A.B. asks: 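The structure is given below, and queries will be raised subsequently.
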Amino acid sequence: MSHATASTPQSRVLSGMRPTGALHLGHYHGALKNWVRLQAQYDCFYFVADWHALTTHYANREVIERNVYEMVIDWLAAGVDPEKATLFIQSRLPEHAELFTLLSMGTPLSWLERMPTYKDQMEKLKDRDLATYGFLGYPLLQAADILIYKAGFVPVGEDQAPHVEITREVARRFNHLYGREPDFEAQAQACLKKMSKADAKAIEAARKAFQEAGSETGLEQAMQLIEQCGALSANDRERLQGYVRGSGRAILPEPQALLTEVSKLPGLDGDKMSKSYGNTLAMREEPAEVERKIKRMPTDPQRVRRTDPGDPQRCPVWQFHKVYSSAETQAWVQQGCTSAGIGCLDCKQPVIEAVQKEQAVWRERAESYLANPKQIHWIMEVGTERAREVARETMREVRDAMGLSY
Ligand code: TRP
Ligand code: SF4
């Protein structure tokens, strides 16, 4: 467990999505649904990762251009609430690029070369030339995205977990290199003076016990005293916590991956749902298309005739039932399929209806935004300015720490 320092609003969540196409049900069930849930509990920052999209789609500007606001409409349709979450567009915040550049100075090439996504994607996306500087540096850009907001948690899929890990390493290295202010001890002492005598004494004792004997007993309590002291600013707290641990100031706190349980919805053919496999249902698919596509879904390959019993385990339609159907309907499928009591078209009907019902809500929400594009632009404008305040403040601290405030 990484400890939260006080200026880490550990309650901040950050995540981004690449605007490379219409979002589909895989995106919704794998990520977006979770975003909607998190916004009630955390200070969520969600952004359009358009620079990230360029690392693979640098020769397809029209794709990205077309999809930025379309993707935001999908977010809002799904229930992302701009009153609760801060929504913004990466390229509107050059601070991300500045931090990326500064972090790149001290990041070993090998850290980037060994990223599993690096070689995987190069092989998978054969039709693109990804032997580029931008593509190699992509995880570091992601680290900058995360660290600039001092996010405590990053909800990502499993494939992205190594990117959060490298972010932690980058942060650790940065804090090690630049977290030690020349007058660090004196500054920490000044902070202690702002506390009650008894608390300051307890903190000094805990520091000594921890640094000299590795004792964790007083540590937690000392951290709490610091956390709760109203006389300290966020920076004071961070400094003091670093003082107690002997680690210097954590200017860029280490985030944690938030691997929440998500319901896995496969594509129409049972493979991973992905636009490049042509097996998707878009979030705002026409109802008639939803029906047509689900009716054409392959089923248990061993159920050739209507009279053959089937096994839902071998059938992608069952995976949809697991996400969309009640226990009662699921029991009906199990019973009807294995006894050949129902046909596959019968079986698909409740799925068709459930998907259409879910999408009707999204479509309705999207309608109002589509009719009023200015509103979307305004939402992103407000969110971007809110993000800019945080990003600017972090960059001020980073420049100070690196000795760039001439
Ligand atoms: N790399 C992520 C993806 O491909 C998108 C992303 C960019 C991101 N920056 C991020 C996700 C920061 C979480 C946090 O899906
Ligand atoms: Fe699949 Fe349903 Fe047909 Fe069984 S009855 S094979 S679960 S579609």
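Note: hydrogens, waters and symmetry copies are ignored here, and every other heavy atom, side chains too, is used. Note that this is a predicted model, so its numbers are computed, not measured. We count ligands from 1, going down the list as the structure has it; atoms in each ligand are counted the same way.
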A.B. asks: In terms of relative ring orientation, are Trp75 and Tyr46 parallel, tilted or perpendicular, with 30° and 60° separating the classes?
C.D. replies: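 Trp75 vs Tyr46 ring planes: perpendicular.
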A.B. asks: Any protein N or O within less than 3.5 Å of an N or O in ligand 1? List each pair with its distance, or say none.
C.D. replies:
residue: ligand 1; atom: 1 (N); partner: Tyr138; partner atom: OH; Å: 2.4
residue: ligand 1; atom: 1 (N); partner: Gln142; partner atom: OE1; Å: 3.0
residue: ligand 1; atom: 1 (N); partner: Gln160; partner atom: OE1; Å: 2.9
residue: ligand 1; atom: 4 (O); partner: Tyr138; partner atom: OH; Å: 2.8
residue: ligand 1; atom: 9 (N); partner: His52; partner atom: NE2; Å: 3.4
residue: ligand 1; atom: 9 (N); partner: Asp145; partner atom: OD2; Å: 2.8

A.B. asks: Apply side chain to side chain contact (heavy atoms under 4.5 Å, CB included) to Tyr243 and Leu192, showing your working.
C.D. replies: CA-CA 10 Å; Tyr243 172 74; Leu192 279 176; 4.1 Å; yes
A.B. asks: How close do Thr101 and Ser104 get, counting heavy atoms only, and between which atoms?
C.D. replies: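 The pair with the smallest heavy-atom distance is O-OG, 2.6 Å.
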A.B. asks: Between His52 and Phe135 (judged by ring centroids, cut-off 6.0 Å), do the two rings come close enough to count as a pair?
C.D. replies: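 They do not qualify: ring centres at least 6.0 Å apart.
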A.B. asks: Is it true that the side chains of Tyr42 and Arg12 contain a donor and an acceptor less than 3.5 Å apart?
C.D. replies: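 Their side chains do not contain a donor-acceptor pair, so the 3.5 Å distance test is not met.
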A.B. asks: Using ring centroids (six-membered ring only for Trp), state whether Trp362 and Tyr28 fall under 6.0 Å.
C.D. replies: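 Yes, the ring of Tyr28 comes within the 6.0 Å limit of the ring of Trp362, centre to centre.
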A.B. asks: With 2.8 Å as the threshold, which protein atoms of type N, O or S lie near atom 4 (Fe) of ligand 2? Leave waters out.
C.D. replies: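 Listed by chain and number, the atoms are Cys337 SG.
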A.B. asks: Is the centre of the Tyr149 ring less than 6.0 Å from the centre of the Phe88 ring?
C.D. replies: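 Yes, the ring centres sit under 6.0 Å apart.
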A.B. asks: Is the closest side-chain donor-acceptor distance between Arg386 and Thr86 under 3.5 Å?
C.D. replies: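 There is such a pair (donor and acceptor under 3.5 Å, judged by atom type) between the side chains of Arg386 and Thr86.
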A.B. asks: Does a donor on one side chain and an acceptor on the other come within less than 3.5 Å for Thr117 and His163?
C.D. replies: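 The answer is yes; a qualifying pair exists.
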